[in-house]
There are 2 protein chains.
Amino acid sequence: MKAARYYGQGDIRIDDIPEPTPGPGQVQIAVDWCGICGSDLHEFLEGPIFIPPKGSPHPITGAELPAVVMGHEFAGVVSGVGADVTGVSEGDRVAVEPYYVCGECSACTAGRYNICRKLGFIGLSGFEGGFAETCVVDQKWVHQLGDLPTDVGALVEPLAVAYHAVRLSGLKPGGTAVVYGAGPIGLVTVASLKATGAGQVISVEPAAARKAKATVAGADVVLDPTETEVGDAVRDLTGGAGADVAFECAGIDAVLASAIGAVRPGGRVVNVAIWGHPATVQMNDLVLSEIDLIGSLAYCGDHPDTIKLLQDGKVAADQFITGRIGLDDIVEGGFRQLIDNKEENVKILVSPR
Amino acid sequence: MKAARYYGQGDIRIDDIPEPTPGPGQVQIAVDWCGICGSDLHEFLEGPIFIPPKGSPHPITGAELPAVVMGHEFAGVVSGVGADVTGVSEGDRVAVEPYYVCGECSACTAGRYNICRKLGFIGLSGFEGGFAETCVVDQKWVHQLGDLPTDVGALVEPLAVAYHAVRLSGLKPGGTAVVYGAGPIGLVTVASLKATGAGQVISVEPAAARKAKATVAGADVVLDPTETEVGDAVRDLTGGAGADVAFECAGIDAVLASAIGAVRPGGRVVNVAIWGHPATVQMNDLVLSEIDLIGSLAYCGDHPDTIKLLQDGKVAADQFITGRIGLDDIVEGGFRQLIDNKEENVKILVSPR
């Protein structure tokens, strides 16, 4: 079968590899659609980051370069089930929660497997991925899509990232949130906030094309930080108090400082961004207002609720699909397109079949 | 009456000023003992910091240099009550929660008055302070000491700082905490943790005199960061998991990084220190383990529980009193002594009468 494998910076190749077959407790999925994630772009431009280099195999999968298949935002149709699989049948439309976890560490035993000390991602840390005609995963990572089409199913993963971050924020219904950045993760965060009952969602974004998308995603107000002092504007929009929560989806010092300055005393800042450098933080701003800065990583038990939001029409997923390509075009029509036209694009879906 | 007033860096004078009289709802206290706080030392060495400079009066008190009386860790005996004061009588031994708050901002109306936007401290932001023969405060800031002597009463304030930080940490009974720094705040944090049910308290401190004090305060283990890799040692002490919570009582980049590295995935780091510089933070360490970094400021409703801990003998307060002086000796025998012999001292109490 065809699969996109990572060989190093700027080097992704379409290889012909053996089709995986499901072992006991495993499910084989014929992949319909797999989205290209920002972390895929980072691997392409600056990696390997999460991908295990040659000589440093992943502790759970044993995979290392160059045998790593990419792609972790995928959905498809079940094409085979191994022994002992129940509740999943051939023909089911499913999305995948793309993890490898140890199951033994303190995080895993506490049910917070997304912060497993050995965490790996299908499509980054193993021999399997969504940029392939078929993919085999353990049944526990398979989530039924019901009537949802599989292109929307491929968006469940990034939406689950947002749903998880919103859950960690502890925002109460009717509360006010500020979302910094209207790239893919910022946009799904805005959509997830509105879908789950936020009262007022303020998007902060300087790029014109992204500002327009933030409004479509559901932002009540879009602030341009090059034109507006964001902290003052947020206080004006909240009766002087400040926002209840803020989401840092940019990984930029000035953005983090603005987020800390935009929440009310006692508010919470959720950092969703992966950073490329150490941050400079005015700790006294955290102290004097008892602000809580928490990191959010991926998802943990968030797929069912995320799928429900899509099934109930609480999130209009089509707005996030800005391109559809075949597997052979993944580098030029996918990675290069997203890098060169990042403001126009949100999510490009790849069909591997 | 005699009072110690701040005039600028290195310039604290004993002035003769009019004795304050209690207005309606106010209580006059004959101060028995007032401790010298680390923030007092910062004002002396680097200030004015919290003290309002000339021309920038505090928004609540209207006080500005040079009329600011210092001292906020004090207790004494009620020597007069104004009209409409109930439940407080002359002769009562009391400690003071030394605040000025606006009562109107979102934090105040939510009951979190310690993060009031206009917060001020008696002894830093007003005409009143504990380094004076008498002090007048609003009744709401007066806490009955019962049978506790007033020297122990002067320790209620720093202990309340620790009790508040422990409360914010959310540590469950039997859990493990790491306390970075065994200066005055680190020591009272260790004591407060043990008094409130922590299972294992690990103190991290390089100075020999302070290490010994940490053990007296109740630390189960004292780690010297110049001899031990703290993160590894904490994991060894916690079955590989990491601590549940850590307290940063130092305000040092490497300490904050160590604290983030010592807690388990999903753990919490409480920053108690006031920082003299921006911190460098590896945000990805917060993200990949979903660690929660929260600032803790002073206290809010923590005085009654703190007094109860002392009354019940859960904290042996005497260990923290390393000196007693008169008001006239406050600069040489107090401030200079604490600055020049900081590792030998914890709390020097000043008697203004």
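These numbers come from the heavy atoms of this one structure, side chains and all, not from hydrogens, waters or symmetry mates. By convention in this document, chain letters (A, B, ...) are assigned in the order of the sequence lines, proteins followed by strands, and residues within each chain are numbered from 1.
- Ranked by heavy-atom pairs under 4.5 Å with chain A, the first of B:L256, B:L288, B:V287 is B:V287.
- Residue with the most contacts toward chain A among B:L168, B:I115, B:V281: B:I115 (heavy-atom pairs, distance under 4.5 Å).
- B:M283 has its side chain out of reach of A:I274: every pair of non-hydrogen atoms, C-beta onward, lies at least 4.5 Å apart.
- The distance from the CG atom of A:L293 to the CG atom of B:L286 is 5.5 Å, given to the nearest 0.5 Å.
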If the cut-off is 3.5 angstrom, what donor-acceptor pairs do you find between chain A and chain B?
residue, atom, partner, partner atom, Å
A:R112, NH2, B:E290, OE1, 3.1
A:N114, ND2, B:E290, OE1, 3.4
A:N114, ND2, B:E290, OE2, 3.0
A:H164, NE2, B:E290, OE2, 2.7
A:W275, N, B:N284, OD1, 2.7
A:W275, O, B:N284, ND2, 2.8
A:A279, N, B:V281, O, 2.8
A:A279, O, B:V281, N, 2.8
A:V281, N, B:A279, O, 2.8
A:V281, O, B:A279, N, 2.8
A:N284, OD1, B:W275, N, 2.6
A:N284, ND2, B:W275, O, 2.8
A:E290, OE1, B:R112, NH2, 3.0
A:E290, OE1, B:N114, ND2, 3.4
A:E290, OE2, B:N114, ND2, 3.0
A:E290, OE2, B:H164, NE2, 2.7
A:E290, OE2, B:L297, N, 2.7
A:I291, O, B:G295, N, 3.2
A:L293, N, B:L293, O, 2.8
A:L293, O, B:L293, N, 2.7
A:G295, N, B:I291, O, 3.2
A:L297, N, B:E290, OE2, 2.7

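- Contact annotation for A:A241: both backbone and side-chain heavy atoms come within less than 4.5 Å of a heavy atom of chain B.
- Remark: A:V263 pairs with A:A246, A:V269, A:I291 by the side-chain contact (heavy atoms from CB on, under 4.5 Å) rule, at least two apart or across chains.
- Interface remark: A:L119 contributes no atoms to any contact with chain B (heavy atom separation under 4.5 Å).
- Heavy atoms closer than 4.5 Å to chain A are found nowhere in B:A110, neither backbone nor side chain.
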